[in-house]
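Written out below as C-alpha cells is the structure these notes cover.
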Amino acid sequence: MKFKELFTRARKLFKKDTELPPKAVEMLIQRLLITQDEELDCGEFFKLIDEYVEHDLRGEDAARLMPLVRHHIEMCRECHEEYDALMSILEGLAWQQIEG
Amino acid sequence: MNRRTNTEWLSALRTSGQAQEEALEDLGVVIKSGLPYALSRWLSPSDPQFNTLVDETTQETLLRVLDQLDSFEGRSQFTTWVHKIAIRIALTELRRKRWRDSSLDEIMDDEDRPAPQHLMADSTISPEATTEQTDMVSHVQRIIQDELTEKQRKALVMLFIQGISMDDTARKLKTNRNALYKLIHDARLNLKRRLALEGLPIEDILASFQ
Ligand SMILES: [Zn+2]
C-alpha cells in the first residue's frame, strides 16, 4: 500500500498528465464540426489574406473563391483579428478618399 | 504624394539614393495613415502609447518590407501587402504587452498553482445533468486522454482556458505559430477519426454539454 502510494506520487512528479477541463473539451468538440482534412496554417493564411480582402472589398464572393482562407478565419482567433484589422484599414482609407 | 503602381513601388524601393528615400517616405505615410483604423479597437488613440506604437510599427514595417521585397508575388496591391505586414507587427506587439501585463509567466511556471475554481469545476454541466450526460462527458475525456499527446493537451489548456495567444503559447511550448496550428489540427483530426470509429456523433456529444 505504502509502495503503491509512493509509486503514484513519483509518477505524478515525472509524468505530467494534463487533463482537459470540460470547458476545453466542449470548445474542442465544437471545432470538430468545422474540422477539415485540408486546412491552412497561419503562415499559409498570411500569404493569401491580402488577396482575399481585396476580393472582399470589390464585392466579390471571397469565401467561395478562397474557401480555405475563409475557413482559417473561422478557425483561428489571431488570424481573424488580423483579417479584421486589414479590412478596417482598407475600408477606412477608402472612406478617407471619398470624403477627400 | 505620388500614387504608384506595384511596379513603380518595387522599382523605386529597389534603387538606392533619392528615389528610394522618397518611396520609403511615401510608404511610411501610407502605413501611418492606415494603422490607426486597425489599432483603435485595441488602444485608445488618446493613449500616450498609441503614437509610439504607430511610429515604431511604421519603422519596423519599412525595414521588413525592404528585407522581404522579393517575396511580394503581386497577388494584391503592393500597399495592401504592406498594411498586412504592419498589422502583423503591431498586433504581435500588443499581444505581447497584454501577456506581460497579466504576468502570465508566473502563472505558467507555477505547476502547483491550482487553476481558477470556475474553470476546473464541471461548470458546463448543470446539477440536474443525467448520468447519461456525465457518462458521455467522462467517456469523451478518456478518449481525449488516449488520442491526444501531452503537448497537444497542454496547448489546448493554454489557448482555450488560459486565453494565451497563439504566439505566446508557441513560445512556451518551444515551437512556432505555424507548427502549433498544425499540432492542434492533428489533434482535431485524430479525435474526429476516433469518434467516428466509435460511432459517436459530434452533435450528440455537444448535446450532453448543454
Ligand atoms: Zn491563424
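Remember, it's a predicted structure, so these values are computed and weren't measured experimentally. Here is the naming used below: chain letters follow the sequence lines, and residue numbers restart at 1 for every chain.
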*Counting heavy-atom pairs under 4.5 Å to chain B, which of H55(A), Q30(A), Q36(A), E81(A) comes out on top?*
E81(A)
*So which of L195(B), L156(B), I184(B) has the largest heavy-atom pair count under 4.5 angstrom toward chain A?*
L156(B)
*How far does CG of D50(A) sit from CZ of F78(B), to the nearest 0.5 angstrom?*
11.0 Å
*Rounded to the nearest 0.5 Å, how far does CD1 of I89(A) lie from CG of L39(B)?*
7.0 Å
*Y181(B) and side chain to side chain donor-acceptor pair (under 3.5 Å): which partner among E39(A), E78(A), E44(A)?*
E39(A)
*Considering only heavy atoms and a distance below 4.5 Å, find which of V25(A), D41(A), L48(A) pairs most often with chain B.*
D41(A)
*Decide yes or no for K47(A) and R75(B): does some side-chain heavy atom of the first lie under 4.5 Å from some side-chain heavy atom of the second?*
no
*Does the side chain of R153(B) pick up a donor-acceptor pair with the side chain of T18(A) at under 3.5 Å?*
no
_Where P21(A) and V157(B) come nearest, the two heavy atoms and their spacing_ = CD-CG2, 4.1 Å
*Tell me yes or no: between the side chains of E54(A) and T80(B), is some donor less than 3.5 Å from an acceptor?*
yes
*Residue pair R88(B) / C42(A): nearest heavy atoms and the distance that separates them*: NH2-O, 4.2 Å
_Options E82(A), M27(A), E91(A), ranked by heavy-atom pairs under 4.5 Å with chain B, top entry_ = E82(A)
_Nearest heavy atoms of C76(A) and M166(B), plus distance in Å_ = SG-CE, 4.5 Å
*Can you tell which part of L148(B) gets under 4.5 Å to a heavy atom of chain A, answering side chain, backbone, both or neither?*
side chain
*asked:* Against the six-membered ring of F46(A), is K84(B) placed for a cation-pi contact (under 6.0 Å from the centre, within 45° of the normal)?
replied: yes
*How many angstroms lie between atom CG of L35(B) and atom OG of S88(A), to the nearest 0.5 angstrom?*
11.5 Å
*Step by step, work out the side-chain contact (heavy atoms from CB on, under 4.5 Å) result for R31(A) and R188(B).*
CA-CA 8 Å; R31(A) 277 166 174 75; R188(B) 285 189 275 112; 3.9 Å; yes
*asked:* What I'd like to find out is whether the side chain of L206(B) reaches to under 4.5 Å of the side chain of L33(A), using heavy atoms alone.
replied: yes
*L91(B), part contacting chain A, at a heavy-atom distance under 4.5 Å*: side chain
*Does any heavy atom of chain B fall under 4.5 Å from the side chain of I29(A), the backbone, both, or neither of them?*
both
_Selection from K192(B), H83(B), R177(B) maximising heavy-atom pairs under 4.5 Å formed with chain A_ = R177(B)
